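From a predicted model like this one, the values you see are computed outputs, not experimental measurements. Hydrogens, waters and symmetry mates are skipped; everything else that's a heavy atom, side chains included, is used.
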Amino acid sequence: MSRKSSRSIRFYILLAAGVVFIVIGVILLYSYSKPAEVPLHGSLKAGMTDILTPNMNIGGTADIIITGSIFNITITDPGKHIIKSQVRRTSDFNYNFTAKKEGEYKIEIDNIGSSDLYVEGYAQNKLNGIAFSGPMMLIITGLIITGLAIRFEKR
């Protein structure tokens, strides 16, 4: 194999690898820019308290469904203002809300009954800044590899 064809193969392999890194990074960056819908499901034993803290964007939604025992529920916004506070004596509860402020909301469920509670639903959780570092690293790596490919080709 000649030296020129060896360089040409190296160029195309590095170029393809660089493009793949960049494309994967851009796809991940796009998908990470949307809020993630985090499912809520589980049970809460009698006498126990559960605190959920979704970090939501403005316009993000949450749907909380609780069945079972008697319970207290308190939902507060990032400014510690109460959105909903209620003692439920019935076995079914469903509450939807839309975030009016950006930040960490607090959903506190206190099972004051004698049997288990069952929690279902979802909350849209925004991703923190560190989540963008992975896709950015892929894009930067792709640019470096593509640059190396061009450098090897020019030699």
Side-chain angles (χ1 to χ4, degrees), residues 1-45 48-68 71 73-85 92-111 116-155:
M1 190 167 13
S2 74
R3 184 177 169 113
K4 182 163 173 96
S5 66
S6 158
R7 262 194 332 203
S8 182
I9 291 172
R10 188 179 331 156
F11 168 74
Y12 288 115
I13 290 173
L14 286 172
L15 186 64
V19 168
V20 166
F21 274 96
I22 292 169
V23 168
I24 291 172
V26 168
I27 290 170
L28 287 174
L29 194 60
Y30 174 74
S31 68
Y32 283 1
S33 67
K34 297 179 181 182
E37 193 169 282
V38 178
L40 308 173
H41 61 280
S43 63
L44 186 59
K45 302 281 184 202
M48 300 297 290
T49 299
D50 193 10
I51 299 174
L52 310 168
T53 55
N55 192 5
M56 300 173 73
N57 288 322
I58 295 173
T61 59
D63 183 28
I64 303 154
I65 303 165
I66 303 172
T67 56
F71 61 92
I73 184 164
T74 305
I75 303 170
T76 55
D77 69 11
K80 308 287 189 238
H81 298 101
I82 294 175
I83 297 172
K84 180 88 169 165
S85 182
D92 57 342
F93 173 82
N94 188 351
Y95 187 70
N96 297 309
F97 73 92
T98 302
K100 304 231 183 308
K101 297 178 183 176
E102 184 172 322
E104 190 173 275
Y105 284 73
K106 182 179 176 185
I107 304 166
E108 185 172 347
I109 305 166
D110 185 20
N111 185 349
D116 290 356
L117 283 177
Y118 300 96
V119 179
E120 296 291 327
Y122 71 90
Q124 290 182 334
N125 206 9
K126 73 176 184 174
L127 296 171
N128 61 17
I130 195 122
F132 291 103
S133 65
M136 290 306 295
M137 293 288 282
L138 284 172
I139 293 170
I140 292 168
T141 301
L143 291 171
I144 291 169
I145 291 172
T146 303
L148 285 173
I150 293 170
R151 182 174 177 213
F152 282 135
E153 182 62 20
K154 287 185 177 183
R155 279 178 145 190

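Applying the salt bridge (charged side-chain N to carboxylate O under 4.0 Å, His left out) criterion to Asp77, with sequence neighbours excluded, gives Lys101. Every residue meeting the side-chain hydrogen bond (donor to acceptor under 3.5 Å, both in side chains) condition with Glu102, not counting sequence neighbours, appears here in chain and number order: Lys126.
With hydrogens and angles disregarded, no donor-acceptor distance shorter than 3.5 Å links the side chain of Asn125 to the backbone of Val38. Checked by atom type and distance alone, the side chain of Gln124 pairs as donor or acceptor with a backbone atom of Thr61 at under 3.5 Å. No side-chain donor-acceptor contact under 3.5 Å links Asp50 to the backbone of Ile109.
Going from atom CG of Leu44 over to atom OG1 of Thr49 covers 7.0 Å, rounded to the nearest 0.5 Å. Between atom CG of residue Leu52 and atom CD1 of residue Ile75 there is a gap of 9.5 Å, rounded to the nearest 0.5 Å. The OH atom of Tyr118 lies 10.0 Å from the CG atom of Asn111; values are rounded to the nearest 0.5 Å. Note that CD1 of Ile65 and CZ of Phe93 are 10.5 Å apart. Values are rounded to the nearest 0.5 Å. For the atom pair CD1 (Ile13) and OG (Ser8), the distance works out to 9.5 Å, reported to the nearest 0.5 Å. If you take OG1 on Thr67 and CD on Glu120, they are separated by 7.5 Å, rounding to the nearest 0.5 Å.
Residues Val119 and Phe71 form no side-chain contact, since every pair of their non-hydrogen atoms from C-beta on lies 4.5 Å or further apart. Residues Ile64 and Phe97 form a side-chain contact, since some pair of their non-hydrogen atoms from C-beta on lies under 4.5 Å apart.
Heavy atoms from other residues, nucleotides or ligands lying under 6.0 Å from OH of Tyr105 number more than 12. Residue Ile51 qualifies as enclosed at atom CD1: its count of foreign heavy atoms under 6.0 Å is above 12.
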For residues 138-145, dump all side-chain donor-acceptor pairs below 3.5 Å to protein atoms at least two apart in sequence or in another chain.
residue	atom	partner	partner atom	Å
Thr141	OG1	Met137	O	2.7

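Among all heavy-atom pairs drawn from Gly25 and Pro135, the shortest one is O-CB, 3.5 Å. Nearest heavy-atom pair, Ala99 versus Asn57, reported as atom, atom and distance to 0.1 Å: CB-O, 3.3 Å. For Met136 against Leu29, the heavy-atom pair with the smallest separation is SD-CD2, 4.0 Å.
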